[in-house]
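Please read the structure below before turning to the comments.
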Amino acid sequence: MTQTELLIQLLINGVTIGSYLALIALGYTMVYGIIELINFAHGDIYMLGFMISLTLLGVLGVRGTLGGWELWAVLIGVMLATMLCTGLLNMTIDRLAYKPLRRAPRLAPLITAVGMSFMLENLAMIWKGSSQIFYPNVFPMIDIPNQVLGMKTNVLFTTKDVLLIGVTVPLMVGLSLFIRNTKMGKAMRATAQDREAAALMGIDAENVIRTTFFVGGALAGTAGMIVGLYLNTGRYLMGFDAGLLAFTSAVLGGIGNVTGAMLGGFFIGFLQAFSDQYLSSEWTRIIVFTTLILVLVFRPSGLLGQRTPDKL
Amino acid sequence: MALLEAVKVTKQFGGLTAVNELNLVIEKGTIAGLIGPNGAGKSSFFNMVSGLYPPTSGHLLFDGREINGFRPNRVAALGVGRTFQNIRLFNNMTALENVLVGMDCRLKAGWLGALLRPPAVTTEEARAREKAEKLLAYVGLPRAGDDLAKNLPYGLQRRLEVARALASDPKLLLLDEPTAGMNPQETADAMTLIRRVRDELGVTVLLIEHDMKVAMGLSERITVLDYGAKIAEGTPEEVRANPKVIEAYLGKGVATGLAAKREAGPPPPSEPMAELGG
Amino acid sequence: MAHDGVESVNIDFRALLTKVKASGADLVYGGFLVDSGGPQIAQQMDALGMFKAGVKFMSEDAMYSDAVPKAVSPEALNGNLYVTFSSPALDQLPTKTGQNFYKNYKAKYNGDPIGWSIYSYNAMLVILDSIKRAAPQIDAAKDVAAKRQAVLDAMTATKDLEGVAGPITFDKNGDVVTALFSGFLFKDGKYVWQRNISGDMKCQ
């Protein structure tokens, strides 16, 4: 590999890691924006997106690579079903675990979220076992520069990378448009800025919270499925790891800020790719969390946050 | 006909009685004032009416319907709009978006509609936008639609709050110190606006006001609270002449001499007497 | 030669493997467990085209299972996966005990035992043998602690017990002195015994 090839490869790695981290980070930041809760169980919703979509593929009898209309029908169908499942699941978690604590001190729902995270992880372990789980290689992998463009390069950029970016980026753009333009999006922003005033203007805060959990859960579920298709592997603890990095992304970007969460996700993705390459993967997490601490010391509200948090 | 009726409404916070067995009737189509020294229970009463917290006892009737314990969004949907003593706009949203948020409970489209965008939804959105622009123009912010709320000058922020409250087509508008912090010109403009809201839009107005000139000048009926209880009620003239009111504002045995008061120390509960004379 | 580490909860090792790929390494060695990322490393090595480029993957006895071939594909791994393990090939087990174990295991579980099944079986053999040999002392012992001590003493004294892959003897530190160690290569869908390795890691 030449230095140029390596650099391009690192950028590709950074973007791909960043795009699923960003998708997960959105859920952390949105929920925090609305109810100021760091939903530690969110990473596990991502893991359950992996497990649920895997189960659905199993039910459909999908074992190997698909092609043509079958591929798209299965992908879109399973993705929508997974989004629905993880969205509803996240909503149910809020209803059962967090809603009764809405007026409690903030530590109470926080600890509940940590407990919920352990619960989901252990339920997943009982469900799917503690070993790594193999995800069927549904999406065909074609080396684009070499096989399609006829180039001779060591840079690996495949149709799977295109799938990952092609699903996550439009979802992020879609979410931004949803928050910017729709009635519910405005209600979310209003609620994030001043929940009481929003309620007094006729906005049903509980409805906004439900929707936020649903949307966040659906996005995390999609991330879980896409990572499954992309890496073909997963584990009941995958949500813990990705969740920690995604949460860091959200804080880095300014928690409560949707654009910040996306940027934070990509930032952590690049950080990981470059640190693994030029330092050592043993140091990567130290670098990531040191960056987080530095940002919190020098810009406590994150890269995009303002003094008065510009939530959502 | 009564639009808002409070029957023996009491609110206690722990051992403190903020509102004590208050009976109050606001007739449809009036501009009514609620005055009283700081801590008299005016804001507590507003908060009960708008559903922030339920009365400890008693009944609140809006448009003939009991609204005790209704959540704020439900009260707003019934037709109660309000503004705040300290402006509480959605600062990081534009003026137009603020008004649209106020319209939220009158729009039908659910989130599914927002995603799929059938024609009914786009039409409704276009209408809502048009109405919001009209409202902004009505309160005197014709060109401020795209400005972030936090970037508007103070006086305009107050107007925007009124536009936002009007967006839900309220029957009753609760104004919490609508002219607080305004200069005389802004105050005069605000008074004109409040009158127009009642006269042209037919919205009943209940206002809390510390500036006695404003309270007396706008209100057709005034209720005076002190220590959570009603101590006087009537036309501005009747209230102004009521010795209990003077006593509540300036303390027992004191009727005149604002300057002397100021030198002697802080006036008992709060308001200077000169303003009472209006 | 370079050294790196991984988080056992991580599942995405592409960034690290890109570095390995760029370094031109010939072999990736990892002391993995099946549950700590080993199969995923192999799988992502395959996805990054490293096996095609001739890079080999090597690990120890915990990876002597079908987890890796399941994660990747037998074709991609063909000739590219090495494991070390303290036993000869399963169909060449030198002892009667081992041959019986292999036959019964296959009959019962319809598949080859993985490395750790053999270790567990050996461990159980040692325990049962120790109890048997300690029987008189156990009967004579006054309390539970003495009974336990009797079993432990017998266990340390284990000598030339016939295990799955050969006789088992412990030295004074409790280490196995007669352990057989060999290298396997994954070929044609199964682990093929290559050669024995002595305790000081010199090829015999």
Side-chain angles (χ1 to χ4, degrees), chain A residues 1-3 5-7 9-10 12-14 16-17 20-21 47 50 121 129-135 137 141 143 146 154-156 158 160-161 227-228 230-245 269-285, chain C residues 1-25 28 30-55 59 62-63 65-77 114 116:
Chain A
M1 261 189 159
T2 65
Q3 281 304 308
E5 280 175 341
L6 179 62
L7 195 69
Q9 190 68 62
L10 290 180
I12 293 171
N13 288 349
T16 49
I17 297 171
Y20 66 78
L21 285 184
M47 175 271 292
F50 175 91
E121 280 165 14
S130 64
S131 303
Q132 75 283 2
I133 300 161
F134 305 111
Y135 201 97
N137 195 4
M141 184 164 110
D143 183 343
N146 289 302
N154 287 317
V155 173
L156 193 66
T158 71
K160 280 191 179 176
D161 295 296
V227 165
Y230 184 68
L231 293 176
N232 301 111
T233 185
R235 233 190 129 193
Y236 77 105
L237 278 177
M238 66 194 270
F240 173 79
D241 187 55
L244 206 56
L245 292 177
F270 285 122
L271 205 60
Q272 179 161 6
F274 280 84
S275 159
D276 274 11
Q277 174 65 38
Y278 292 110
L279 286 155
S280 160
S281 65
E282 285 160 326
W283 282 91
T284 296
R285 260 141 244 262
Chain C
M1 268 286 272
H3 172 260
D4 247 300
V6 295
E7 281 282 323
S8 69
V9 288
N10 195 1
I11 58 165
D12 189 348
F13 303 106
R14 290 171 304 126
L16 172 62
L17 289 173
T18 298
K19 175 183 181 176
V20 176
K21 192 179 169 187
S23 74
V28 174
F32 290 109
L33 304 182
V34 165
D35 285 348
S36 73
Q40 277 126 336
I41 291 270
Q43 185 190 38
Q44 284 163 36
M45 281 176 73
D46 180 39
L48 293 177
M50 290 167 74
F51 289 136
K52 274 200 201 87
V55 184
S59 193
M63 297 291 279
S65 83
D66 61 354
V68 179
K70 261 193 191 160
V72 196
S73 66
E75 297 77 45
L77 284 175
I114 64 168
W116 284 7

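Because the structure is predicted, anything quoted here is derived from the model rather than measured.
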Donor-acceptor pair, A:Ser281 side chain versus C:Gly5 backbone, under 3.5 Å? yes
Partner chain C: residue of A:Phe274, A:Phe134, A:Phe240, A:Tyr278 with the largest heavy-atom pair count (under 4.5 Å): A:Phe134
Regarding A:Gln9 and C:Thr18, do their side chains bring together a donor and an acceptor under 3.5 Å, going by distance alone? no
Criterion side chain to side chain contact (heavy atoms under 4.5 Å, CB included) on C:Val34 and A:Gln132, from CA distance to verdict: CA-CA 8 Å; C:Val34 165; A:Gln132 75 283 2; 3.9 Å; yes
Measure the spacing between CD1 of C:Ile11 and OH of A:Tyr135 and express it to the nearest 0.5 Å. 11.5 Å
Any non-hydrogen side-chain atom of C:Asp12 less than 4.5 Å from a side-chain atom of A:Gln272? no
What closest approach, in Å, do C:Gln44 and A:Thr233 show between heavy atoms, and which atom pair accounts for it? NE2-CG2, 3.9 Å
Could you tell me whether a side-chain N or O of C:Lys19 sits under 3.5 Å from a main-chain N or O of A:Leu279, the two making a donor and an acceptor? yes
Can you give me the closest heavy-atom contact between C:Asp4 and A:Ser280, atom names plus distance? OD1-OG, 2.7 Å
By a 4.5 Å heavy-atom criterion (distance strictly below it), what part of C:Ala53 contacts chain A: side chain, backbone, both, or neither? neither
Sort out for me which of A:Asn154, A:Leu10, A:Asp143, A:Leu156 touches chain C most, counting heavy-atom pairs under 4.5 Å. A:Leu156
Top contributor to chain C interface from A:Thr2, A:Asn137, A:Ile17 [non-hydrogen pairs under 4.5 Å]: A:Ile17
Measure the shortest side-chain to side-chain distance between A:Thr284 and C:Leu16 over non-hydrogen atoms and say whether it is less than 4.5 angstrom. no
Grab the two heavy atoms, one from A:Ala273 and one from C:Ala15, that are nearest each other, plus how far apart they are. CA-CB, 3.9 Å
Please determine, among C:Gln43, C:Lys70, C:Lys21, the option with the most heavy-atom pairs under 4.5 Å with chain A. C:Gln43
Quick one: does C:Arg14's side chain get under 4.5 Å of A:Leu231's, heavy atoms only? yes
Tell me, out of A:Gly239, A:Gly234, A:Ser275, who's got the most heavy-atom pairs with chain C below 4.5 Å. A:Gly234
Segment of A:Met238 engaging chain C (4.5 angstrom heavy-atom cut-off): both
When rounded to the nearest 0.5 angstrom, what distance separates CG in C:Leu17 from CG in A:Asn13? 9.5 Å
Under the rule for salt bridge (Lys or Arg N to Asp or Glu O under 4.0 Å), what residues qualify as partners of A:Asp276, not counting sequence neighbours? none
